[in-house]
Every structure is written in structure tokens, then in C-alpha cells.
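Working notes, structure below.
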Amino acid sequence: MSPGMAGSQAKNIAVQGLWKDNPIFRQVLGICSTLAVTNLVMNTIVMCAALVFTVSLSSATVSVFRTLTPRNVRMMVETLIIGFYVIIVDVLLGAYWPSMRANLGPYVGLILTNCIVMGRCEAYGATQPPGKAFLDGLCTSLGYTFILLIIAAFREILGLGTFLGMPVPFFSGPGWDKWIIMVTPPGAFFMLAIVVWFFRWLQQKQEEKAK
Amino acid sequence: MSIGAEIQESFVVMVAAIFTQNILLTYFLGLCSFIGVSREIKGAVGLGLAVIFVITTTTLLNWIAYHYVLVPLGLESFRFILFIIIIAAFVQFVEMVVERYSPFLYQQLGVFLPLITVNCAIFGAALFMVIREYTFIVTIGYSLGSGIGWFLAILAMAGIRQKMAIDRIPRGLQGPGITLILAGLMALAFIGFAGVLQGR
């Protein structure tokens with residue numbers, strides 16, 4: 001394969017993961033384990049970093065073992081590989097940032113049942129070489145991260161008047177009546193719905209233009 | 001704590017898990033299958049019942065495994081893997097038993113069982129049970145309440161979605177979008193129960 005071709009393939013994978021097949025607004029997958037922590041931007045960053053780490057590395061690892069794994073136990077092996085990385089994240093957080101681990105509660109562990117991780121391992125890890133599987137996992141989870149960061153930024157600024165814990169001018173002042181609902185669970189549902197709506201609308205416009 | 005007090009506590013935790021701290025509407029667990037399978041009441045009831053059964057039994061099994069195997073060995077970090085294996089093995093086992101002894105039940109619930117292994121609500125309940133340090137009796141109330149709460153939420157959602165199947169919805173909002181807005185409204189309604197149980 002020529003380097004040029006490899007480059008265009010990589011670009012293709014990136015576009016798919018970040019935009020065309022975006023896990024959130026296209027597939028609406030894997031939101032269970034992360035939506036809960038989007039009330040604060042900091043929690044979202046840590047959670048998404050954990051997810052990026054798990055998805056890209058477990059997809060690459062599954063790919064390394066793809067010829068050695070018997071078909072009928074594949075799901076079990078994938079679960080064990082994902083579990084291995086989730087445990088690493090959990091132990092690291094527990095050792096270096098226990099307060100964050102307490103904040104995130106069960107959600108770090110829940111990465112294990114996040115549909116995206118298993119989905120990427122099945123779609124790419126099980127069939128493609130490790131490098132490609134890693135890139136695909138990385139791009140898909142980054143596509144996921146950027147949408148969740150948008151949601152988290154709106155929720156924290158509108159609901160608490162802060163960004164990363166620092167007061168934001170105007171929104172933290174007396175002129176802004178804080179929208180407490182944004183930091184409660186219904187706020188997360190509404191915000192996610194709006195984001196899904198907006199990006200789907202944008203995509204549809206783009207596709208119509210392309211025709 | 002005496003047994004009587006524990007049973008009382010268990011009941012309070014159960015009511016809280018159904019209404020004020022609904023595992024789906026407050027903690028967003030099991031959202032994928034909630035969006036995917038809530039188009040019709042029949043499917044929603046099937047999945048909901050299967051969730052109640054599996055969440056109650058596996059959370060109790062996980063409690064036993066955690067407190068009698070992992071804690072004595074000092075291997076608490078491995079709880080993720082142990083829990084998921086127990087859930088997957090149990091679901092597989094139930095599927096085999098149901099298929100063998102009750103073809104009728106298998107027809108009704110069979111298709112939903114594989115979906116349950118990856119349902120975050122089941123795994124999430126087990127993790128919450130560890131974090132909140134529930135005793136065995138309290139865990140009974142908690143897991144049963146979580147299952148019933150999930151069932152109620154998906155049943156209500158399916159009822160609403162069936163009614164609005166013919167409504168005209170903006171294109172970008174069709175499917176998941178409108179379901180999320182409905183879930184948000186439902187979550188608002190469930191917050192209204194918060195006054196019933198203070199501080200739980």
C-alpha cells in the first residue's frame with residue numbers, strides 16, 4: 001500500500017468517526033455511562049479521557065489477538081480485554097485522584113458496558129489490523145467527546161454560571177437567574193435532544209447540498 | 001442494625017429506587033435499549049419484565065460474590081470483570097432453562113435476554129450496591145426497586161410513543177431526539193416525587 005493511500009484511508013476513518021457515523025448524534029449509542037457526569041465540564045473531560053483510552057487501546061488489543069481468538073468465545077475475550085483497561089483506569093484514578101473517582105461514582109466501571117467500546121471492537125478490532133483499529137477507536141471516541149463537551153459546557157454555564165469551576169462573566173453575576181434545571185437529570189435529556197437535533201439538521205442540510 | 005430496621009430501610013430504598021432515584025431517569029442507565037425498544041408497548045413490557053427478573057437476581061448474586069469472594073481475597077478492583085461474567089453467565093443459564101421448560105415464556109422474553117447482558121442498568125445496579133455499602137436485605141429492596149422503576153419508565157415511554165406514532169415531528173428530531181425530550185419531561189415529573197422521601 002502506498003503512503004498516499006494509507007493517508008486517505010486514515011482520513012476516511014477520521015471523518016467517519018468524528019462526523020458521518022458520530023456515535024452520539026448518528027447512532028445515539030453509549031450515552032448511558034457518560035450523560036450523568038456532564039453536569040460539570042471537568043468530570044466530563046476525565047470521563048471522556050478514560051473512554052478514549054479504553055476504546056482505542058482495547059480495539060487495538062482485540063485486533064492483535066484477532067487471529068488467535070476462536071469465534072465462539074470472541075465476545076467473552078473482548079469483554080475481558082475491555083475490563084482489563086477499565087480496571088487500569090479505575091486503579092489509576094483511585095491512586096492519584098481519589099476525589100475524582102468518588103465524583104464519577106460507578107460510571108468509570110460502566111465504561112465496560114458502554115455500547116461504543118464493544119461496538120468498535122466488533123466492527124474494527126475483530127477484522128482490521130491494530131493500527132487501523134486504534135485510529136478508528138480514537139476517532140470515534142473523540143467524536144463522542146466533542147459532543148459531550150458541548151453538552152457539559154452548556155449545562156455548567158447555564159446551570160451554575162461557571163466553566164471548569166471558574167465563574168463566567170455575566171452568567172455568574174446577579175443579572176443571570178441560574179437555570180438549576182440544567183444541572184439536574186432532565187436538563188441532560190433536553191440538552192442531548194437539542195444537540196442531536198441540531199447536528200442531524202446540519203448533516204441533512206449538508207447532504208442535500210451535496211446532491 | 002436489627003433485622004426489623006433493615007427490612008424497613010430496605011423498603012424505603014426500594015421506593016426511592018422506583019420513584020425519586022429512578023435508575024433510568026436519574027442515572028441514565030439502560031438508555032440504549034430504552035430508546036431502541038420503546039416503540040411498542042408489547043416489546044417494552046417484555047424487556048421490562050426481563051430486566052426486573054435479571055436485575056434482582058444478578059445483583060443479589062453479585063452481592064454474595066463481592067462480599068464472600070472478592071473482599072476476603074482483597075481483590076475488589078476485579079469486581080468489574082467478576083460482575084459482568086456473573087451477569088453474562090446467569091443470563092445464558094436462564095435462557096437455556098427457559099427454552100427447555102417454558103417455550104411460551106421463551107417466545108415472549110427470549111429475544112430480550114441477550115440484550116440484557118449489555119444493559120448498563122444491570123451492571124450499574126451492582127456497582128451502586130457496592131459504592132453505597134448496602135447490606136444483603138437492603139440490596140433486595142434496592143435491586144427490586146431499580147427493576148420496577150426501569151419497567152415503569154419504559155412502559156410509560158412506549159405508551160406515549162405509540163400514541164404519537166403518526167404525529168408530525170421535525171426530521172432531525174424523529175426517533176431518538178423526540179424520545180430524549182419525552183424522557184426529560186418524564187424525569188421532571190419523577191423529580192416531583194422527591195418530596196416524598198427526603199434525603200435518600
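Naming: A, B, ... by sequence-line order, numbering from 1 per chain. Quantities reported herein were computed from a predicted structural model and do not represent experimental measurements.
- Only the side chain of B:Ile84 comes within contact range of chain A, with at least one heavy atom under 4.5 Å from a heavy atom of that chain.
- Within the 6.0 Å centre-distance limit, the rings of B:Phe28 and A:Phe189 are counted as a close aromatic pair.
- Contacts with chain A (heavy atom to heavy atom, under 4.5 Å) involve these residues of residues 148-175 of chain B, listed by number: B:Pro170, B:Arg171, B:Gly172, B:Leu173, B:Gln174.
- Counting only residues at least two apart or on different chains, the ring-ring contact (aromatic ring centres under 6.0 Å, His included) pairs with a member in residues 65-101 of chain B are B:Trp63-B:His67.
- Proximity to chain B is limited to the side chain of A:Val91, based on heavy atoms less than 4.5 angstrom apart.
- Using a 4.5 Å cut-off between heavy atoms, A:Tyr107 touches chain B through its side chain atoms alone.
- Both the backbone and the side chain of B:Leu188 come within contact range of chain A, with heavy atoms under 4.5 Å apart.
- In the model, A:Tyr124 has no side-chain atom that pairs as donor or acceptor with a side-chain atom of A:Thr140 under 3.5 Å.
- Taking the six-membered ring where the residue is Trp, A:Phe171 and A:Trp176 present perpendicular rings, their angle passing 60° and hence far from 30°.
- With rounding to the nearest 0.5 Å, the separation of CG in A:Leu80 from OG1 in A:Thr61 is 12.5 Å.
- For the atom pair CZ of A:Arg120 and CD1 of A:Ile82, the computed distance is 12.5 Å after rounding to the nearest 0.5 Å.
- Annotation: the span from A:Ile87 atom CD1 to B:Glu76 atom CD amounts to 12.0 Å, rounded to 0.5 Å.
- No more than 12 heavy-atom neighbours from other residues, nucleotides or ligands sit within 6.0 angstrom of CH2 on A:Trp179.
- Contact annotation for A:Met191: neither backbone nor side-chain heavy atoms come within less than 4.5 Å of a heavy atom of chain B.
- Using bins of under 30°, 30° to 60° and over 60° for the plane-to-plane angle, the ring pair A:Tyr85/A:Phe53 lands in the perpendicular bin.
- Only the side chain of A:Ile181 has a heavy atom closer than 4.5 Å to any heavy atom of chain B.
- Only the side chain of B:Ile191 comes within less than 4.5 Å of a heavy atom in chain A; its backbone stays farther off.
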